[in-house]
Amino acid sequence: MKKTIEEHADRFSEIAGDYDDSQDSDEYRACVSLVVEHADPTADDTVLDLGTGTGAIALALAPNAKRVIARDISKGMMDEGQKKAEANGLDNVEFGEGRFREPNVDGEDIDIVVSNFAMHHLSDEEKREAIEVIAGLGPRKFVLGDVMFFGTPDPDEPFYSPDVDDPSTVGHLADVLTDNGFSLTAVERVHEQVGVLVAERYGE
């Protein structure tokens with residue numbers, strides 16, 4: 001992680017009010033749609049959205065899920081998400097502080113974990129630790145949309161900033177997922193540096 005968690009939280013809180021308008025790329029919108037499509041919760045499912053930001057994924061899943069637990073490190077971003085939830089009459093979404101390696105969900109039965117455009121802030125080793133924690137929650141499915149490298153990284157592309165972001169290769173993410181008992185059931189390439197991975201555990 002090239003910035004501390006506190007630095008990331010402050011940075012996102014500062015831009016929270018304009019964040020939704022800034023996320024207008026076709027690739028970002030495609031990732032949101034794919035994460036929602038692959039998560040596909042039922043009325044019996046509790047979903048954990050890590051790095052929820054202003055709640056785009058959480059709020060899209062809420063109408064079909066039993067409950068959505070939305071976690072982020074930025075209070076400003078979560079405040080925006082809470083406003084949207086209230087405006088849309090969604091009372092089954094709970095916003096609260098939490099991070100990949102400490103999601104703050106003790107005692108919860110988690111069926112599905114999702115994350116979109118957040119995990120790339122972690123180093124490769126931190127991603128491994130995060131996925132170990134996610135696996136330990138016992139979900140049957142983990143859907144990850146993010147900046148990730150399908151080929152040779154090109155820092156001139158617009159999807160990440162080398163100063164603050166640390167994307168992984170698809171291969172590294174796939175290895176960590178399988179090391180933690182997941183089977184990779186879908187790989188959606190949105191762009192050379194953007195994709196969605198779907199990992200499932202059968203018999204859980």
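No hydrogens, no waters, no symmetry mates; every other heavy atom, side chains included, goes into these values.
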>> Does either side chain, that of His121 or that of Asp166, offer a donor lying less than 3.5 Å from an acceptor on the other one?
In response: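 No.
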
> Does a side chain donor of either Ser168 or Asp124 reach within less than 3.5 Å of an acceptor in the other side chain?
Replying inline: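 The answer is yes; a qualifying pair exists.
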
> Thinking salt bridges, do Glu86 and Lys83 make one under a 4.0 Å N-O criterion?
Replying inline: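 Between Lys83 and Glu86 there is no salt bridge, as every charged N stays at least 4.0 Å from the carboxylate O atoms.
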
> Among the clusters formed by ILVMFWY side chains lying less than 4.5 Å apart, do Val47 and Val32 turn up in the same one?
Replying inline: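 In one cluster: yes.
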
> Are Phe150 and Leu144 joined in one hydrophobic group, where the rule is that I, L, V, M, F, W and Y side chains link up if heavy atoms are under 4.5 Å apart?
Replying inline: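 Same hydrophobic cluster.
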
> Closest approach of Leu122 and Ala130, non-hydrogen atoms and distance?
Replying inline: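 Scanning both residues, the minimum pair turns out to be CD1-CB, 4.0 Å.
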
> Ala58 and Val68: which non-hydrogen atoms are nearest, and at how many Å?
Replying inline: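 That would be CB-CG1, 3.6 Å.
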
Within the 4.5 Å heavy-atom criterion, are [X] and [Y] side-chain neighbours or not?
X: Lys141; Y: Thr185; answer: no
X: Val105; Y: Leu137; answer: yes
X: Val170; Y: Arg189; answer: no
X: Asp165; Y: Val147; answer: no
X: Asp111; Y: Pro41; answer: no
X: Lys127; Y: Val176; answer: no
X: Leu50; Y: Ile134; answer: yes
X: Leu48; Y: Glu108; answer: no

Under 3.5 Å: donor-acceptor pair, side chain of [X], backbone of [Y]:
X: Asn104; Y: Glu97; value: yes
X: Asp109; Y: Thr46; value: no
X: Arg99; Y: Ile73; value: no
X: Asp45; Y: Ala65; value: no

Enter the distance from [X]:[atom1] to [Y]:[atom2] here, rounded to the nearest 0.5 Å.
X: Thr54; Y: Met77; atom1: OG1; atom2: CE; value: 5.5 Å
X: Phe149; Y: Gln193; atom1: CZ; atom2: CD; value: 5.0 Å
X: Met148; Y: Cys31; atom1: CE; atom2: SG; value: 7.0 Å
X: Phe142; Y: Leu184; atom1: CZ; atom2: CG; value: 11.0 Å
X: Arg128; Y: Asp175; atom1: CZ; atom2: CG; value: 7.5 Å
X: His120; Y: Ser115; atom1: NE2; atom2: OG; value: 9.5 Å

> Parallel under 30°, tilted from 30 to 60°, perpendicular over 60°: which one fits the rings of Phe117 and Tyr28?
Replying inline: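 Perpendicular: the ring planes of Phe117 and Tyr28 meet at over 60°.
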
> What do the steps show when you test Leu61 against Asp49 for side-chain contact (heavy atoms from CB on, under 4.5 Å), and what is the final call?
Replying inline: CA-CA 10 Å; Leu61 295 176; Asp49 181 14; over 6 Å; no

